[in-house]
Amino acid sequence: MIKGAHGTCISNYEKILEFGFEPSLEGHRGRGVYFWGYSLDELREIVRELSIGWWAFAKNRGDYSKAKNTNCGVIYVNFGIDEDNDYLDVMSPKINDKFQVYYNKIIGRTKCTDEELSKIYDMFVNDLEEALKKEFKLIHTRIPAPKKAVRFAPIGITGSPSCYVARDASCVNIEKGEVIYE
Amino acid sequence: MSDLLKALDQIIFNLDQMTDEQLQAKFDAHEVGVVGAAISDMESFMSSHESSSFWLTNNYPSLMLEKTSVHFEVIQKSIWSIFRKETFKVVNSDSLYFEDAANDEHYAVAA
């Protein structure tokens, strides 16, 4: 089963546990809710550290400046999806190759700022959804580990950690939450 | 998978058929997915950097009130000067894009 972990501040954590996730319109790999991915419980410690590392990065960046409680919470989830229809693995070699071609064509022919690079990812998925007349609920990609968590992930061997982007939050089933104090 | 790869071939073919202007228009029309990064408006940024706020508001009094009357490059260079880091970017009149000041300079862009 595909699983994920999401690190955020306690204020957001409590809202999510009560009301569920809400996809953001922005993100490093397009719109959606972002989770560090895993499928084996033995790897839960790694995604936990990645989630805490992400929270630390976001906190330093000022994302939680308006939150009442900026301590860290990690939410563990699984994804209720039909892998044949709802799921797109952009990291599979053949799809990733096509994405690189797509990306290079856009970069080479448009005025694209650094902040807009992630938009290309979103456009790629949207174009594919339009062509196939379907919507992907969950995207698999990879995102560099936050520096504070690098030592927990064998990145030199495995590459950047897996990340799942839930474009449709209805596929996200919350398993449990964990409060982590600074 | 084959249907998916065929669709991607068609999508890439379609890109090649577009003029640069059409491609730019397609790109501009797609409004979601941009990294908002800090998601911190000017006031919250300033309130978390009190000394900087004092310096900036003294030098650019209209900044806090109108948020639009100072050229972004001037603000950006001022912020670089304050923090001695060229990793802060002003995105628009209401928000600042800045990166973690704790050795994560390259992470926000890479991620």
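Proteins get letters first, then strands, A, B, ... in listed order; numbering begins at 1 in each.
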Participant: Side chain, backbone, both or neither: which part of A/L132 has a non-hydrogen atom closer than 4.5 Å to chain B?
Facilitator: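 Only the side chain of A/L132 comes within 4.5 Å of chain B.
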
Participant: Could you state the interatomic distance from CG (A/D127) to CG (B/L8), rounded to the nearest 0.5 Å?
Facilitator: 9.5 Å

Participant: If I measure from the heavy atoms of chain B, does A/S160 come under 4.5 Å with its side chain, its backbone, both, or neither?
Facilitator: neither

Participant: Nearest 0.5 angstrom please: A/F136 CZ to B/L4 CG, how far?
Facilitator: 5.0 Å

Participant: Could you tell me which of A/I95, A/V125, A/I120 has the largest number of non-hydrogen atom pairs under 4.5 Å with chain B?
Facilitator: A/I95

Participant: Same cluster or not: A/L40 versus A/M91, using hydrophobic residues (I, L, V, M, F, W, Y) connected whenever any side-chain heavy atoms lie under 4.5 Å apart?
Facilitator: yes

Participant: Looking at A/E175, I want to see if its CD is surrounded by more than 12 non-hydrogen atoms of other residues, nucleotides or ligands under 6.0 Å.
Facilitator: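 Enclosed: over 12 neighbouring heavy atoms sit under 6.0 Å from CD of A/E175.
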
Participant: In terms of heavy-atom pairs under 4.5 Å, which option from B/K26, B/M18, B/K6, B/Q10 contacts chain A the most?
Facilitator: B/K26

Participant: Treating A/K105 as the side-chain partner and B/D16 as the backbone partner, does any N or O pair qualify as donor plus acceptor under 3.5 Å?
Facilitator: no

Participant: Return yes when atom CD of A/Q100 has more than 12 non-hydrogen atoms of other residues, nucleotides or ligands closer than 6.0 Å, and no otherwise.
Facilitator: yes

Participant: Quick one: pull up CG in B/D28 and NZ in A/K119 and give me the separation to the nearest 0.5 Å.
Facilitator: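 Going from the CG atom of B/D28 to the NZ atom of A/K119 covers 5.5 Å.
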
Participant: Verify the neighbour count for atom CD of A/E130: are there more than 12 heavy atoms of other residues, nucleotides or ligands below 6.0 Å?
Facilitator: no

Participant: What's the spacing between B/L23 CG and A/R109 CZ if we round to 0.5 Å?
Facilitator: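 Answer rounded to 0.5 Å: 5.0 Å.
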
Participant: What distance do A/I106 atom CD1 and B/Q24 atom CD have between them, rounded to the nearest 0.5 Å?
Facilitator: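 Here the rounded value is 9.5 Å.
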
Participant: Compare every heavy atom of A/Y102 with every heavy atom of B/I11, then report the nearest pair and how far apart it is.
Facilitator: CG2-CE1, 3.6 Å

Participant: Rounded to the nearest 0.5 Å, what's the gap from CE on A/M123 to CG on B/L15? Could you check?
Facilitator: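 Nearest 0.5 Å value for the CE-CG distance: 7.5 Å.
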
Participant: Check each atom of A/Y121 against the heavy atoms of chain B and say whether the ones under 4.5 Å are side chain, backbone, both or neither.
Facilitator: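 Nothing of A/Y121, per the 4.5 Å heavy-atom cut-off to chain B.
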
